[in-house]
Amino acid sequence: FRSSPYYIGKMDIWYGFASKGFDILKNKGIECFIAQNNWVTSSGASILRKDVLTRTEIKQFIDFGDYKVFQSAGIQTMIYLLQKNAKPSDEYQVYYAGLTDSNINKNQLEDFLNIDKLISKQRFFIKFEIAFNNKNYFDTTINFDNPQLVSLLDRVSLKKNFELNEKEVIQGIVGAPDKAFIVRDEELHNFNSEELQFIKPFYTNSTGIASENIIYLCEKNFNNKNIKDFINLFKHFEPYKEELIEAKNRYKTPNKKYFYLHRERDENFFKKGSKIICQARCLSNCFFYTENEYYASRALNIIKTDRINLKYLVTFLNSKLIYFYYKNRGSIQGIMLKFDKGPLLKIPIYKPENYSPFIELFELITTTLQSKENIIEGINNKHIANFFQEIVDACFFEIYFENEMREKNILMIEGINKHIKSIGDFISLKAEKKLETVQTLYSIFSNPDNEVRNRIKSFSLLSPDVLGVILNS
């Protein structure tokens with residue numbers, strides 16, 4: 001199968017069967033699969049997507065979201081119905097149905113599958129027909145945009161003036177198998193100081209807390225060294241030697257030493273310095289800024305660039321605006337957002353000429369969350385941070401929908417800057433003074449008579465078709 005034209009690394013085997021089905025079908029013949037729903041965005045399904053777009057027309061796509069169709073399999077499932085076409089139309093109609101609630105009963109499931117029932121009073125599904133332009137999806141992921149949201153999503157896309165490039169985003173380390181390179185904290189004493197320089201705290205999430213350690217060995221940092229000169233490392237790898245050699249052969253890297261990582265990545269991304277850590281699978285946007293050493297697992301992506309301020313960028317990526325955009329035009333699996341490298345590169349980033357008040361708000365949120373004790377008695381720090389995050393979201397709304405907000409008299413940035421600048425340079429303040437400033441600004445912005453607070457509260461009422469839609473997503 002590896003010699004098949006339908007094979008690609010990281011693919012699911014059923015992709016090959018689907019493409020083979022197109023070979024067998026007569027023109028205008030129908031193929032219908034029930035399978036995992038992530039082929040529309042997965043990097044391992046790029047050949048299948050190309051095949052679907054060039055050899056068929058999509059007639060129906062039924063997405064079960066997080067509803068478990070098969071009790072014995074915890075996968076997110078879809079049904080597609082494709083018609084083979086020697087010359088697919090550039091644009092054609094596609095019927096889309098998506099479950100939005102996984103806790104449904106049998107009758108509700110039948111309503112969802114009933115193609116004639118288009119509206120759900122309980123709002124547990126969405127259904128629509130779209131004009132699908134297949135040329136928009138060559139060499140990229142496939143999305144089925146809700147027609148009611150297309151205009152809004154397009155407005156976000158058109159504001160883009162910056163994009164990350166391939167060299168600025170990497171996936172974390174792959175051991176193949178990872179277990180062969182893991183060292184638990186209680187095992188560190190087994191290694192001498194010379195060996196410990198190759199053992200790094202290993203992060204599997206974006207919390208900033210290392211769960212274990214990894215032996216980071218590769219050609220670049222271990223070249224010309226003999227593993228037997230590092231006797232405890234040698235002993236560690238011995239039980240995994242055959243498995244590691246087999247993996248190197250399987251992944252077509254037989255010349256790599258068996259104790260080298262399969263994918264070590266560019267180590268500069270992990271060393272001390274500004275970077276953004278991104279959880280690859282999460283319920284919401286979950287980006288984390290750090291300047292610390294951060295050797296990350298394959299479950300994480302790392303963003304590192306000097307072309308845009310990373311404190312601004314992490315604030316932008318964690319915004320409500322990007323949650324709304326990515327949920328509809330990014331990559332999802334069931335109810336989870338999938339922040340893989342390809343979709344990350346396509347996020348429509350806006351780089352402002354002036355980073356104020358975003359850097360200051362980033363510092364306020366970070367200071368609040370890092371405080372071990374409640375800054376304000378009786379109020380949880382997380383609540384305060386979320387309050388400042390609402391202000392951040394309001395600023396990004398103004399950047400992307402300035403005319404809308406000006407017309408409704410709900411512009412935000414000028415008023416926010418006025419209060420923030422009144423406190424001086426927040427970053428240069430001492431720790432105790434920073435906490436006092438957080439308390440002061442929270443008190444100002446949360447005052448019932450504060451214009452910033454009241455404008456935020458009026459967003460859904462005054463802008464129901466724009467800000468209201470985003471806030472309720």
Would you please name every residue forming a side-chain contact (heavy atoms from CB on, under 4.5 Å) with [X], sequence neighbours left out?
{"X": "L345", "result": "L164, E166, V169, K341"}
{"X": "I444", "result": "H419, T440, L441, N450"}
{"X": "N136", "result": "N133"}

Are [X] and [Y] side-chain neighbours, meaning at least one heavy-atom pair lies under 4.5 Å?
{"X": "C278", "Y": "I302", "answer": "no"}
{"X": "D393", "Y": "F388", "answer": "no"}
{"X": "Q83", "Y": "K28", "answer": "yes"}

With a cut-off of 3.5 Å and sequence neighbours excluded, list every side-chain donor-acceptor pair involving residues 458-467.
| unit_1 | atom_1 | unit_2 | atom_2 | d |
| --- | --- | --- | --- | --- |
| S458 | OG | R455 | O | 2.7 |
| S463 | OG | E404 | OE2 | 2.9 |
| S463 | OG | L467 | N | 3.2 |

Electrostatic pair K68:D66 at N-O distance under 4.0 angstrom: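 A salt bridge is present here (some side-chain N lies under 4.0 Å from a carboxylate O).
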
salt_bridge(K84, D51) N-O dist < 4.0 Å: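 Result for this pair is no, no salt bridge flagged.
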
For residues 426-435, run the donor-acceptor check on the side chains, cut-off 3.5 Å, and write out each pair with its distance to 0.1 Å, sequence neighbours left out.
| unit_1 | atom_1 | unit_2 | atom_2 | d |
| --- | --- | --- | --- | --- |
| S428 | OG | D425 | O | 2.9 |
| S428 | OG | D425 | OD2 | 3.4 |

Show the atom names and distances, to 0.1 Å, of all donor-acceptor pairs under 3.5 Å that link a side chain in residues 290-300 to residues at least two apart or in another chain.
| unit_1 | atom_1 | unit_2 | atom_2 | d |
| --- | --- | --- | --- | --- |
| T290 | OG1 | N292 | N | 3.0 |
| E291 | OE2 | Y289 | OH | 2.6 |
| Y294 | OH | N205 | O | 2.8 |
| Y294 | OH | G208 | N | 3.1 |
| Y295 | OH | E267 | OE2 | 2.5 |
| S297 | OG | A299 | N | 3.1 |
| R298 | NE | D178 | OD2 | 3.4 |
| R298 | NH2 | D178 | OD1 | 3.2 |

Residue among F112, F124, F125 satisfying ring-ring contact (aromatic ring centres under 6.0 Å, His included) with F64: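 That would be F112; it is the only one of F112, F124, F125 passing the ring-ring contact (aromatic ring centres under 6.0 Å, His included) with F64.
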
Q148, CD: over 12 other non-hydrogen atoms inside 6.0 angstrom: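 Atom CD in Q148 is not crowded, with 12 or fewer foreign heavy atoms closer than 6.0 Å.
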
Is it the case that the side chain of [X] and the backbone of [Y] share a donor-acceptor pair, with hydrogens and angles ignored and the cut-off at 3.5 Å?
{"X": "N454", "Y": "P448", "value": "yes"}
{"X": "S42", "Y": "N38", "value": "no"}
{"X": "N143", "Y": "G330", "value": "yes"}

Ring pair (Phe, Tyr, Trp, His ring centres under 6.0 Å) against Y400, all qualifying residues, sequence neighbours excluded: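 Y400 satisfies ring pair (Phe, Tyr, Trp, His ring centres under 6.0 Å) with no residue once adjacent residues are dropped.
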
Set of residues satisfying ring pair (Phe, Tyr, Trp, His ring centres under 6.0 Å) with respect to Y80, sequence neighbours excluded: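 By the ring pair (Phe, Tyr, Trp, His ring centres under 6.0 Å) rule, Y80 matches F33, W39.
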
Contacts of type salt bridge (Lys or Arg N to Asp or Glu O under 4.0 Å), residue E31, not counting sequence neighbours: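 Salt bridge (Lys or Arg N to Asp or Glu O under 4.0 Å) list for E31, sorted by chain: empty.
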
Side chains of residues 312-322: which donor-acceptor pairs under 3.5 Å do they make with residues two or more places apart or in other chains?
| unit_1 | atom_1 | unit_2 | atom_2 | d |
| --- | --- | --- | --- | --- |
| Y312 | OH | Y350 | O | 2.5 |
| T315 | OG1 | K311 | O | 2.7 |
| N318 | OD1 | F287 | N | 2.9 |
| N318 | ND2 | F287 | O | 2.9 |
| N318 | ND2 | V314 | O | 3.3 |
| S319 | OG | F316 | O | 2.7 |
| S319 | OG | I322 | N | 3.3 |
| K320 | NZ | S473 | O | 3.4 |

Selection residues 127-152 - residue pairs positive for salt bridge (Lys or Arg N to Asp or Glu O under 4.0 Å), sequence neighbours left out: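 Applying salt bridge (Lys or Arg N to Asp or Glu O under 4.0 Å) to every pair that reaches into residues 127-152, excluding sequence neighbours, yields D90-K135, D145-R329.
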
Ring centers of F61, F144 separated by less than 6.0 Å: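 Yes, close enough.
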
Aromatic ring proximity, centroids under 6.0 angstrom, Y137 and F132: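 When the ring centroids of F132 and Y137 are compared, they turn out to be within the sub-6.0 Å range.
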
All pairs passing side-chain hydrogen bond (donor to acceptor under 3.5 Å, both in side chains) where residues 368-385 contributes a residue, at least two apart: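 side-chain hydrogen bond (donor to acceptor under 3.5 Å, both in side chains) check on residues 368-385 returns H383-Y442.
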
